[in-house]
Amino acid sequence: MNLTLKKKNHFLLIEVENSFDGKVIWEDGGIVPMTTKQSDLPDILMEHGIGLKNVKNVADHYLGDMDIKIKNDVFKVTVMLQQKEIK
């Protein structure tokens with residue numbers, strides 16, 4: 001895993017890279033991939049996959065954006081946050 005933070009003026013850029021098995025399943029019209037994690041317990045649905053949706057909501061709240069790039073077996077998420085003006 002690789003984590004990079006950069007700050008410039010009123011912007012914070014967060015980049016997270018991690019390796020994975022290379023398999024990605026996207027929901028129709030989804031902004032984040034579906035999870036493929038499985039539970040060790042039969043008939044138990046794992047509650048994974050909402051983390052990136054929350055990150056996207058935070059980025060939107062702080063006038064920023066989130067980008068997902070996948071290349072081979074590397075998953076990279078870049079988040080830009082903008083500091084709100086203090087009135």
Side-chain angles (χ1 to χ4, degrees):
M1 178 181 264
N2 185 32
L3 174 66
T4 304
L5 298 171
K6 298 175 186 175
K7 185 175 186 304
K8 185 171 183 180
N9 297 325
H10 295 286
F11 295 94
L12 176 65
L13 189 68
I14 305 165
E15 294 178 339
V16 179
E17 281 186 357
N18 200 8
S19 60
F20 73 116
D21 66 6
K23 297 176 186 172
V24 180
I25 301 169
W26 292 88
E27 289 185 55
D28 289 336
I31 60 170
V32 297
M34 292 174 47
T35 186
T36 58
K37 294 181 181 179
Q38 299 295 319
S39 170
D40 292 334
L41 303 172
D43 301 322
I44 301 293
L45 176 64
M46 297 295 285
E47 292 294 329
H48 292 284
I50 62 168
L52 287 177
K53 289 179 186 176
N54 288 336
V55 170
K56 174 68 174 152
N57 288 338
V58 169
D60 290 345
H61 178 78
Y62 287 99
L63 309 173
D65 198 12
M66 179 182 80
D67 181 56
I68 298 172
K69 292 203 182 331
I70 300 166
K71 186 173 181 181
N72 300 323
D73 63 349
V74 176
F75 191 88
K76 180 178 179 181
V77 178
T78 303
V79 179
M80 182 193 71
L81 303 175
Q82 181 177 343
Q83 180 180 352
K84 287 186 174 184
E85 282 189 37
I86 300 173
K87 296 180 181 184

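Model, not experiment: these values are computed from the prediction.
Every pair tested for salt bridge (Lys or Arg N to Asp or Glu O under 4.0 Å) that includes a residue from residues 5-14 fails, sequence neighbours excluded, so the list is empty.
The CD atom of Gln82 sits 11.5 Å away from the CG atom of Leu12 when rounded to the nearest 0.5 Å. Residue Asn57 holds its CG atom at 11.0 Å from CG of Leu52, rounded to the nearest 0.5 Å.
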Please set out all donor-acceptor pairs under 3.5 angstrom arising from side-chain atoms of residues 63-73, sequence neighbours excluded.
{"residue": "Asp65", "atom": "OD1", "partner": "Lys56", "partner atom": "NZ", "Å": "3.1"}
{"residue": "Asp67", "atom": "OD2", "partner": "Lys69", "partner atom": "NZ", "Å": "2.9"}

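Taking the ring-ring contact (aromatic ring centres under 6.0 Å, His included) definition, one finds that Phe20 meets it with Phe75, sequence neighbours left out. Scanning for side-chain contact (heavy atoms from CB on, under 4.5 Å) contacts around Val74 gives Glu17, with sequence neighbours left out. Partners of Leu3 according to the side-chain contact (heavy atoms from CB on, under 4.5 Å) rule, which considers only residues two or more places apart in sequence or in another chain, are Ile14, Val16.
The hydrophobic cluster containing Leu13 also includes Phe11, Met80, under a criterion of side-chain heavy atoms closer than 4.5 Å among ILVMFWY residues, counted directly or through chains of members.
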